[in-house]
Number of protein chains: 2
Amino acid sequence: MISLAMPRPSAPKSESTRALILASALAAFRERGFERVTMREVAASAGVALGAAYYYFDSKDALVTAFYEQAQAEILPALDRTLAQSRSLEQRIRAIIQHKLDYFAPNRRLMAALSSHIDPQNPLSPFSADTSRIREQDIACFARAVSDSGVKLPPSTLPYLPRLLWLYQMGLMLFWVYDRSPNQQLTTLLFDKTLRMILITLKLASLPIMRPLHRHAGDLLHAIYDADPNANFDQAPL
Amino acid sequence: MISLAMPRPSAPKSESTRALILASALAAFRERGFERVTMREVAASAGVALGAAYYYFDSKDALVTAFYEQAQAEILPALDRTLAQSRSLEQRIRAIIQHKLDYFAPNRRLMAALSSHIDPQNPLSPFSADTSRIREQDIACFARAVSDSGVKLPPSTLPYLPRLLWLYQMGLMLFWVYDRSPNQQLTTLLFDKTLRMILITLKLASLPIMRPLHRHAGDLLHAIYDADPNANFDQAPL
DNA sequence: GTCTATATGGAGATAGAC
DNA sequence: GTCTATCTCCATATAGAC
């Protein structure tokens with residue numbers, strides 16, 4: 001036994017410095033936009049040297065990831081409460097996504113930085129292995145929203161519904177980030193209309209005429225999500 | 001009359017230099033990946049000074065745009081021929097998209113650079129005003145594929161079908177760019193399955209039960225695509 | 001108009017002080 | 001472990017030669 005060296009998971013030693021740097025950065029980003037803010041300014045406004053900022057955050061983008069993680073931690077409990085009030089699937093999904101839009105609204109411009117990394121090999125990507133914890137938590141929310149909601153889907157597609165809803169959320173937020181309409185009203189409309197259409201489609205899905213669609217969807221989803229991870233996928237950085 | 005100063009639309013003066021720089025850049029990108037290649041290397045391998053490269057191309061990204069424009073010019077005639085052989089809607093769409101995938105395959109990694117600009121305000125974005133000419137040409141292809149194909153859709157949604165198909169194509173290519181499966185076989189499957197599903201859905205669309213979907217879709221599409229451009233949209237750079 | 005030489009400013013890396 | 005000072009490399013800008 002080397003030592004009992006993990007009594008406090010995150011020693012408050014200088015956790016405060018980290019928090020200070022992050023807070024300064026977010027304030028600057030909100031005020032002047034992510035692109036225009038330099039790491040030098042972040043460090044200066046936090047009262048530390050440039051190297052200190054890089055000691056706590058590997059890159060400028062890492063600040064965004066930290067914000068994203070912090071946000072997730074703050075949002076989850078609220079979603080738990082909302083889901084507990086067991087309402088309809090539509091109301092549950094609406095509540096989940098709307099809560100996130102509201103939460104992120106003050107930092108909407110900052111989210112643009114997040115959305116520029118789509119490559120799953122990029123650690124900052126919402127699809128990367130590094131962000132899988134956040135992603136899984138998020139998908140779990142949709143899984144709870146689906147459970148005991150009475151959705152009727154064949155077993156070949158039902159298991160993928162939470163992941164598809166998560167993907168829907170990501171697409172919606174991507175639109176929102178770049179939505180310049182007054183008060184992002186286009187996003188509101190897109191959200192409302194597409195969600196209604198999804199719910200209608202889920203109801204129609206049990207009709208016999210939809211059978212061929214299910215077959216194709218099931219095949220595709222299985223191949224994409226349950227692909228053998230040992231298949232020789234290319235690990236080169238593009 | 002100042003002068004007859006436009007006899008040759010693009011004087012071959014040193015159009016060749018431009019072509020040389022572009023070719024050198026593309027070769028380097030193919031070989032070592034867009035990110036790892038510096039403008040210095042591009043200039044050096046073309047045998048010109050750094051400034052010369054910037055004289056012809058405003059930025060490193062502009063090289064990608066130039067490639068994209070060149071590609072579009074080379075692809076269009078081929079698509080014209082394909083569409084003239086008036087086949088079914090499915091075969092037409094399949095031919096259009098497959099031709100692009102084949103054409104871009106050698107430069108697939110380069111396309112990743114294109115896809116990192118989603119912001120419509122970014123000149124390099126496929127959704128920007130600057131790339132509207134390419135975009136419109138591309139959408140026109142899908143419009144021709146739809147025309148006289150016998151698709152039955154209500155007048156509230158039919159006019160948007162070409163644009164939706166274009167969007168479908170963009171999404172598919174985004175997936176393709178980051179698809180590390182052997183020979184991008186996952187993309188092939190995604191393409192095949194989703195296209196079949198789209199065609200089935202278009203056939204089912206005339207059923208009366210689909211009426212509520214059409215209403216929502218029509219409202220949404222009208223708001224998104226036919227929005228008053230004079231509405232006070234935010235022009236700030238995020 | 002074409003192009004070279006040189007300058008600027010920022011992201012990220014690192015050596016070592018404490 | 002925490003942080004400062006300094007360094008490298010690059011995209012991009014610009015002055016001016018031809």
Side-chain angles (χ1 to χ4, degrees), chain A residues 2-25 28-29 32-66 110 113-114 116-117 122-124 237, chain B residues 2-25 28-29 32-66 110 113-114 116-117 122-124 237:
Chain A
I2 309 300
S3 88
L4 301 175
M6 46 168 73
R8 291 160 301 173
S10 69
K13 297 181 91 164
S14 54
E15 187 64 22
S16 61
T17 307
R18 187 193 146 92
L20 177 65
I21 293 172
L22 181 55
S24 305
F29 293 156
R32 313 193 23 248
F34 179 76
E35 307 290 353
R36 275 186 294 270
V37 174
T38 72
M39 283 298 272
R40 283 160 175 74
E41 291 171 311
V42 169
S45 81
V48 299
L50 177 62
Y54 277 106
Y55 174 72
Y56 288 104
F57 301 96
D58 285 341
S59 71
K60 193 176 166 186
D61 290 309
L63 285 162
V64 185
T65 301
L110 177 56
L114 250 180
S116 16
H117 304 105
N122 187 315
L124 303 175
Chain B
I2 308 301
S3 91
L4 300 175
M6 47 169 75
R8 292 161 300 174
S10 70
K13 298 180 89 162
S14 52
E15 187 65 22
S16 62
T17 308
R18 186 193 146 92
L20 177 64
I21 293 171
L22 182 55
S24 305
F29 293 157
R32 312 194 24 247
F34 179 76
E35 307 290 353
R36 274 186 294 268
V37 174
T38 72
M39 283 297 272
R40 281 161 177 76
E41 291 172 311
V42 169
S45 81
V48 298
L50 178 61
Y54 276 103
Y55 174 72
Y56 288 105
F57 301 95
D58 286 341
S59 69
K60 192 176 166 186
D61 290 309
L63 285 162
V64 185
T65 302
L110 178 54
L114 249 180
S116 16
H117 303 105
N122 188 315
L124 303 175

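Every chain is numbered from 1 and lettered A, B, ... according to where its sequence line falls, protein lines coming before strand lines. Just so it is clear, the model here is predicted, and its values are computed rather than measured.
Between the P atom of dA13(D) and the CG atom of Leu50(B) lies a distance of 11 Å, rounded to the nearest Å. One interatomic measurement links the two molecules: CD1 of Ile21(B) to P of dT2(C), which rounds to 11 Å at whole-angstrom precision. In this entry the distance linking CG of Asp61(B) with C1' of dT12(D) reads 12 Å, nearest Å. Between the P atom of dC3(C) and the CZ atom of Arg18(B) lies a distance of 12 Å, rounded to the nearest Å. Between the P atom of dT6(D) and the OH atom of Tyr54(A) lies a distance of 18 Å, rounded to the nearest Å. The CZ atom of Phe57(A) sits 15 Å away from the P atom of dA11(C) (whole-angstrom rounding). The nearest whole Å value for the distance from the NZ atom in Lys60(B) to the P atom in dA11(C) is 16 Å. Remark: C1' of dT2(D) and CD of Glu15(A) are 13 Å apart, rounded to the nearest angstrom.
By the ring-ring contact (aromatic ring centres under 6.0 Å, His included) test, Phe29(A) is found to be paired with Phe34(A), residues two or more places apart in sequence or in another chain being considered.
Here Thr17(A) reaches the OP1 or OP2 of dC3(D): one of its side-chain N or O atoms lies under 4.0 Å away. For Tyr55(B), no side-chain nitrogen or oxygen approaches OP1 or OP2 of dA13(D) to under 4.0 Å.
Closest of all the heavy-atom pairs between Ser59(A) and Tyr54(A) is CA-CE2, 4.1 Å. Nearest heavy atom pair, residue Arg36(A) against residue Glu41(A), reads O-OE1, 3.5 Å. Across all their heavy atoms, Ala52(A) and Ile21(A) have their closest contact at O-CD1, 4.0 Å.
Considering only side-chain atoms of Val48(B), the nucleotide from dT4(C), dA11(D), dT2(D) that sits closest is dT4(C). Proximity note for Ala52(A) (side chain, C-beta onward) versus dG12(C), dC3(D), dC3(C): the nearest is dC3(D).
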Listing time: all N or O pairs from protein to nucleotides 15-18 of chain C that are below 3.5 Å?
none

Run the side chain to side chain contact (heavy atoms under 4.5 Å, CB included) test on Arg18(A) and Tyr55(A) for me, step by step, so that the C-alpha distance in whole Å, both residues' side-chain angles and the decisive distance to 0.1 Å come before the verdict. CA-CA 9 Å; Arg18(A) 187 193 146 92; Tyr55(A) 174 72; over 6 Å; no
For Lys60(A) and Val42(A), run side chain to side chain contact (heavy atoms under 4.5 Å, CB included): C-alpha distance rounded to whole Å, both residues' side-chain angles, the deciding distance at 0.1 Å, then the answer. CA-CA 10 Å; Lys60(A) 193 176 166 186; Val42(A) 169; over 6 Å; no
With side chain to side chain contact (heavy atoms under 4.5 Å, CB included) as the test, would you mind laying out the steps for Leu20(A) and Ser24(A) before giving the verdict? CA-CA 6 Å; Leu20(A) 177 65; Ser24(A) 305; 4.2 Å; yes
Derivation and outcome, side chain to side chain contact (heavy atoms under 4.5 Å, CB included), residues Leu22(B) and Tyr56(B): CA-CA 9 Å; Leu22(B) 182 55; Tyr56(B) 288 105; over 6 Å; no
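Listed in residue order, the members of residues 38-46 of chain B having a heavy atom less than 4.0 Å from DNA chain D are Thr38(B), Met39(B), Arg40(B).
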